[in-house]
Amino acid sequence: MKIAILPGDGIGTEIVAEAVKVLNVLDLKFEMETALVGGAAYEAHGHPLPESTLKLAKEADAVLFGAVGDWKYDTLDRPLRPEQAILGLRRHLGLFANFRPAICYEQLTHASSLKPELVAGLDILIIRELTGDVYFGQPRGRRTAVDGHFPGAEEAFDTMRYSRPEVERIAHVAFQTARKRNKRLTSVDKSNVLETFQFWKDIVTEVGKHYPDVALDHMYVDNAAMQLVKAPKKFDVIVTGNLFGDILSDEAAMLTGSIGMLPSASLNAGNQGLYEPSHGSAPDIAGKGIANPLATILSAAMMLRYSLNQAQAADRIESAVKAVLAQGLRTVDIHCDGNTKVGTRQMGDAVVTAITKTTIKS
Ligand code: NAD
């Protein structure tokens, strides 16, 4: 099982170190190799996704990714910015399906900004198409950026585009996933205004005919944004495009109290995947040893389940995370009175201890 470890920038190095520590106490053999990505790679090699890093990622069964970015790179030309590394990895590895679960852990219902009864037991999954839409559509016409900006320009534009095979394949993934859960799928679009999303809606409806056991409904993205804060539990699986999925998955993340708790998986057709926390590099807390490593540790669990076929090991990690929350251990982002405040490393150690205990018991 080959894993490419790409910690990246900011808190990325701190949280990935904890996830690696957790992987190392499982009784499994991994080949792990680490490489630079994002701002760290730009500093060392002049590019956020150097050839050597891309090669390592391509040859691995899975990539464990931290986060990239820092405000100091905001003036760089767009292709050299740290975030371009993620887009490059998605494109080169063909990672078209992004899974973002939003689960509200029993012990953290208080951390949500919504009333506890609205989020208690919340367990929804947002499936975001990841390699199309306005993020990848080539704008027609030329623009020349100066330091990443367009001084004196009269207009700026991006191109929203989806092809039939792109929509079909994400729709199939969504229906198949919904089938394994509660057989309910909501497709989110903006078909009342955007042609691209009328096209999307028509194709999702067509694909749905192959899955008569899954109840499909359609919702406009503005309504979906409202419903997520009004009655989030009415959703089960949501499928949507790249742009809407980016925004809705962050909104759903916050329903659960902390973005520091939420993992994500991005998969290609061969189940090779990139696993990363849903949050960014958090430059405001980088180097302080206080970042929550649980989203990254849970991403490692998703990696074991989806790309490495080790569902039992994934279960052990997830149970260990629940156990440390039950012990009352909290990083600063999920802390409240009555709990024990811990740092990044202590949280990682606690998960390791919880896993070791289950090993001894079994
Ligand atoms: P962010 O997710 O990095 O941080 C938002 C807020 O959440 C901050 O207050 C931060 O301290 C807090 N936070 C995030 N993760 C946390 C954790 N594990 N534990 C505790 N608190 C946590 O988003 P941002 O501030 O908008 O962006 C910072 C940088 O990250 C930017 O350069 C952005 O482009 C980049 N970014 C990268 C990714 C990625 O690598 N996939 C995703 C989003 C943003």
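Each ligand, and each atom within it, is numbered from 1 in the order the structure gives.
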Measure Pro277 to ligand 1 on non-hydrogen atoms and call it side chain, backbone, both or neither using the 4.0 Å cut-off. neither
Determine, using the 4.5 Å side-chain heavy-atom cutoff (strictly less than), whether Val214 and Ile127 are members of one ILVMFWY cluster. yes
From atom 3 (O) of ligand 1, work out which of Ala282, Ala286, Gly69 has a heavy atom at the shortest distance. Ala282
Closest approach of any protein heavy atom to atom 35 (C) of ligand 1, naming residue and atom: Val68 O, 3.2 Å
Mark up the atoms of ligand 1 that fall under 4.0 Å of a heavy atom belonging to Ala67, in ascending order. 40 (O)
Test item, Ala295 contacting ligand 1 (heavy atom, 4.0 angstrom): no
Nearest-neighbour protein heavy atom for atom 39 (C) of ligand 1, which is reported as residue plus atom name and distance: Ile86 CD1, 3.4 Å
Residue, atom name and distance, where the atom is the protein heavy atom closest to atom 21 (N) of ligand 1: Ile285 CD1, 3.6 Å
Just need the protein heavy atom nearest to atom 41 (N) of ligand 1, so name the residue and atom and give the distance. Glu276 OE1, 3.1 Å
Which atoms of ligand 1 sit under 4.0 Å from any heavy atom of Glu83? 31 (C), 32 (O), 33 (C), 34 (O), 35 (C)
For residues Tyr275 and Tyr306, establish whether the separation of their ring centroids is below 6.0 Å. no
Atom 15 (N) of ligand 1 has as its nearest protein heavy atom His279 CG, 3.1 Å
Nearest neighbour in protein (non-hydrogen) for atom 25 (O) of ligand 1: Trp71 CH2, 3.5 Å
Does the distance from a Lys or Arg side-chain N to an Asp or Glu carboxylate O, for Arg181 and Asp236, drop under 4.0 Å? yes
Heavy-atom proximity to atom 19 (N) of ligand 1, picking from Asn292, Thr344, Thr296, points to Asn292
Any idea which of Ile334, Ile290, Asp284, Asp246 brings a heavy atom closest to atom 11 (O) of ligand 1? Asp284
For Phe199, ring pair (Phe, Tyr, Trp, His ring centres under 6.0 Å) partners two or more places apart: none
So between Ser281, Gly66, Gly280, Ala253, whose heavy atom ends up nearest atom 2 (O) of ligand 1? Gly280
Atom 6 (C) of ligand 1 protein-contacted, heavy-atom criterion under 4.0 angstrom: no
Any ion pair linking Lys201 and Glu206 (charged N to carboxylate O, less than 4.0 Å)? no
Gap separating the OG atom of Ser307 from the CE atom of Met1, nearest 0.5 angstrom: 11.5 Å
Please find out if less than 6.0 Å separates the ring center of Phe197 from that of Tyr220. no
Cation-pi geometry met for Arg90 and Phe96 (6.0 Å, 45°): no
Do the side chains of Glu318 and Arg305 get close enough for a salt bridge, i.e. N-O under 4.0 angstrom? yes
Look up atom CZ in Arg100 and atom CD1 in Ile238, then write down how far apart they are to the nearest 0.5 Å. 12.0 Å
Of all the atoms in ligand 1, which lie at a distance below 4.0 Å from a heavy atom belonging to Ala291? 19 (N)
